[in-house]
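The structure appears below as structure tokens.
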Amino acid sequence: MTQTQIAARWQSWSPYFLSLLRIIAAFLFLQYGATKLFAFPAAVMPGGGTAAPGTLPWVAAMLELIGGAFLLLGWFTRPVAFVLSGEMAVAYFIGHAPRGFWPVLNNGGPAVTFCFLWLYVSAAGAGAWGVDAMRRPRMTAA
């Protein structure tokens, strides 16, 4: 097998790797919402409780939990990922940036990473595996 053939074969896996990236990231992302809403798998809110309904952390938790579930399934991937990218940008600038410039020091690394990851997914789509892929009309050979 030549180097060109290897590269072409590897590139053909791109839609599947995109789906894996989306699924794993969504699973990690929805856990942030679960911790804020249900204190599961652990309490992370100040005081060890959950986010009070109607507060900004509660709204963020709802977006993270429901949006994360949608992305996990690959359902309405592009618009949901776009909204969640914006949520993460807001989270960074409201919650992390005031504590300093460097994300590694202000604990904003996950927010920045999710912001740009969801922005990419909003452009790239769900990949090969997901509800969006099942709803897409199949191309037939002419």
Side-chain angles (χ1 to χ4, degrees), residues 1-140:
M1 194 176 271
T2 68
Q3 198 168 11
T4 306
Q5 290 171 322
I6 293 170
R9 186 173 177 101
W10 185 250
Q11 189 175 2
S12 73
W13 281 86
S14 179
Y16 305 101
F17 287 141
L18 173 59
S19 290
L20 283 174
L21 175 66
R22 174 189 46 82
I23 291 165
I24 299 301
F27 176 70
L28 296 172
F29 190 73
L30 68 83
Q31 290 177 50
Y32 285 94
T35 60
K36 291 174 196 152
L37 285 177
F38 309 118
F40 177 82
V44 296
M45 294 298 296
T50 59
T55 63
L56 196 56
W58 182 84
V59 172
M62 294 297 286
L63 285 168
E64 291 159 4
L65 187 69
I66 295 168
F70 271 54
L71 291 180
L72 184 71
L73 297 171
W75 193 25
F76 296 106
T77 303
R78 291 176 193 269
V80 170
F82 187 76
V83 168
L84 294 181
S85 175
E87 182 222 350
M88 288 292 94
V90 169
Y92 181 78
F93 287 110
I94 288 177
H96 300 283
R99 291 189 259 161
F101 178 76
W102 301 106
V104 72
L105 299 178
N106 67 24
N107 295 324
V112 172
T113 303
F114 279 124
C115 176
F116 285 97
L117 174 65
W118 297 143
L119 187 62
Y120 170 71
V121 170
S122 76
W129 300 320
V131 175
D132 291 347
M134 291 188 298
R135 295 180 341 162
R136 193 176 330 138
R138 302 270 184 220
M139 298 293 288
T140 58

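Counting from 1, the numbers follow the sequence of the chain as shown. Values in this document were obtained by computation on a predicted structure and should not be read as measured data.
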### Task
Give, for atom CG of Leu71 and atom CD1 of Ile66, the distance between the pair rounded to the nearest 0.5 Å.
12.0 Å
### Query
Honestly, is Arg22 close enough over Tyr120, meaning NZ or CZ under 6.0 Å from the six-membered ring centre and within 45° of the axis?
no
### Query
Is there a donor-acceptor contact under 3.5 Å from the side chain of Thr35 to the main chain of Pro41?
no
### Message
If you count heavy atoms of other groups shown closer than 6.0 angstrom to CH2 of Trp129, is the number above 12?
### Response
yes
### Query
Taking the side chain as C-beta and beyond, is there a heavy-atom pair between Gln3 and Ile6 under 4.5 Å?
no
### Task
Take atom CZ of Phe93 as the centre, draw a 6.0 Å sphere, and report whether it contains more than 12 heavy atoms from other residues, nucleotides or ligands.
no
## Note on the structure
Closest heavy-atom pair, Leu84 versus Phe29, reported as atoms and distance to 0.1 Å, is CD1-CE2, 3.6 Å
### Query
Taking the side chain from Asp132 and the backbone from Ala126, do they hold a donor-acceptor pair closer than 3.5 Å?
no
### Task
Considering non-hydrogen atoms only, spot the tightest contact between Gly127 and Ala133 and give its length.
O-CB, 3.8 Å
### Task
Locate the shortest heavy-atom distance separating Asn107 from Pro110; write the atom from each residue and the value.
O-CD, 3.9 Å
#### Entry: Distance (rounded to the nearest 0.5 Å) between Leu119 CG and Phe82 CZ
7.0 Å
#### Entry: Nearest heavy-atom neighbours spanning Leu37 and Thr50
O-CG2, 3.4 Å
## Note on the structure
Taking every heavy atom of Ala124 against every heavy atom of Arg78, the minimum-distance pair comes out as O-NH2, 3.5 Å
### Query
Has Gln5 got more than 12 heavy atoms of other residues, nucleotides or ligands less than 6.0 Å from its CD?
yes
## Note on the structure
Minimal heavy-atom distance between Trp75 and Val131, with the atoms involved, is CD1-CG1, 3.5 Å
### Task
Measure the CG-CD1 distance between Leu18 and Ile23 for me, rounded to the nearest 0.5 Å.
9.5 Å
### Message
So does Ala128 get a backbone contact from the side chain of Ser19, meaning a donor-acceptor N/O pair under 3.5 Å?
### Response
yes
#### Entry: Spacing of CE belonging to Met88 relative to CG belonging to Leu63, to within rounding of 0.5 Å
8.5 Å
### Query
Is any side-chain heavy atom of Tyr92 less than 4.5 Å from a side-chain heavy atom of Asn106?
yes
